[in-house]
Amino acid sequence: MKIVVTRAIDEARLSPLEGHHLVVWPHQTQMPHDELVAELSGATGVVSHLTDRLDRETIVSAGDLRAVSQVAVGVDNIDLGVCTERRIPVGHTPDVLTETTADTAWALLASAVRRIPEGRDHVLAGAWGPWRPDLLLGGDLHDTTLGVVGLGRIGAAVARRAAGFAMKVLYAGPRRKPHLEAELRASYRPLENLVREADHIVVTVPLSESTRGLIGTPELEAMKPDATLVNVSRGPVVDTTALTEALDRGLLAGVALDVTDPEPLPADHPLLGHPNCLVIPHLGSASRRTRAAMVDLAISNMAEALGGRRMPACANPEVYG
Ligand code: DGY
């Protein structure tokens with residue numbers, strides 16, 4: 001069976017797919033969409049990445065496709081609806097990246113709150129003079145209130161870490177999670193209340209039509225003047241124009257984004273002109289160990305599907321119903 005793999009992956013990690021005809025894009029950069037479409041002709045499976053556009057047209061044109069396995073937990077680049085209609089299981093990589101992504105969220109949060117990037121810029125600019133008590137004063141993490149938007153796996157892992165900073169934890173989401181409320185000592189708030197009450201807000205919800213633009217002007221205006229906003233989910237969950245305007249107006253003390261809309265963010269984008277806006281290039285799960293575990297899970301999802309078995313981690317389990 002022909003399997004298309006859209007990024008270079010170590011041969012050893014591909015061994016569970018031995019015996020199949022593997023077409024591996026030999027680069028770490030994106031496979032051009034037209035080449036992907038061409039290679040999907042006659043393919044039974046595709047091991048995809050979050051920048052591959054697997055929309056309705058692409059899936060329909062790949063008439064022999066029987067399995068999609070994405071090396072990411074987020075699958076917003078894939079038309080899940082059409083895959084489900086065609087009973088194509090879509091694998092993804094939850095769990096294995098949860099803790100690393102939560103670590104990244106905390107790294108961003110701590111950096112923004114304590115103004116670490118501004119401190120580094122100050123030193124690199126040669127502006128470091130004699131010590132002064134008013135230099136780059138930031139906020140605190142300890143004894144503040146953390147607001148987690150989306151208490152899924154990553155949101156819960158972010159919230160769990162807050163105990164170490166003696167923080168009060170609030171969360172918002174489509175439904176209450178009483179079991180997690182008890183474990184994390186977290187309290188539910190509707191989003192409009194959470195943005196008003198929290199000192200630091202971390203966004204972890206997956207991107208869907210209901211979360212696109214979830215954080216816009218009303219939410220940004222409602223935040224405390226010294227609030228910090230972190231996004232480790234997908235860029236479009238935070239409205240970029242609204243965020244840029246909010247920073248122009250001096251709202252918010254700090255922003256830290258692992259993900260942006262658009263992505264990549266052009267180097268001359270106005271967001272980058274704000275020294276209190278830290279942007280990193282979608283590194284949430286980028287530890288060596290976690291990226292290897294993601295690949296292993298994605299390959300195992302594909303191998304199981306090709307063997308006619310249930311994928312260990314499937315984003316549209318309805319296909320097995
Ligand atoms: C994901 O898995 O969805 C991340 O954004 C990339 O690791």
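Atoms within a ligand are numbered from 1 in the order they appear, just like the ligands themselves. Please read these numbers as outputs of a predicted model, since none were measured by experiment.
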**Prompt:** Hydrophobic cluster mates of Leu136, side-chain heavy atoms under 4.5 angstrom, ILVMFWY only, any path?
**Reply:** Leu135
**Prompt:** Ion pair present between Arg161 and Asp103, side-chain N to carboxylate O less than 4.0 angstrom?
**Reply:** yes
**Item:** Side-chain donor-acceptor contact under 3.5 Å, Arg120 with Ser111
**Value:** no
**Fill in**
Contacts for ligand 1, heavy atom under 4.0 Å, by chain and number, are Leu50, Ala72, Val73, Gly74, Leu97, Arg234, His282, Ser285, Arg291, Met294
**Message:** Can you tell me how far apart OG1 (Thr101) and CD (Glu99) are? Round to the nearest 0.5 Å.
**Reply:** 9.0 Å
**Request:** Give the C-alpha distance, both sets of side-chain angles, the deciding distance and a yes or no for side chain to side chain contact (heavy atoms under 4.5 Å, CB included) between Leu257 and Leu243.
**Result:** CA-CA 11 Å; Leu257 308 172; Leu243 180 60; 4.0 Å; yes
**Item:** Trace of the side chain to side chain donor-acceptor pair (under 3.5 Å) decision for Thr58 with Asp55
**Value:** CA-CA 5 Å; Thr58 308; Asp55 55 11; 2.5 Å; yes
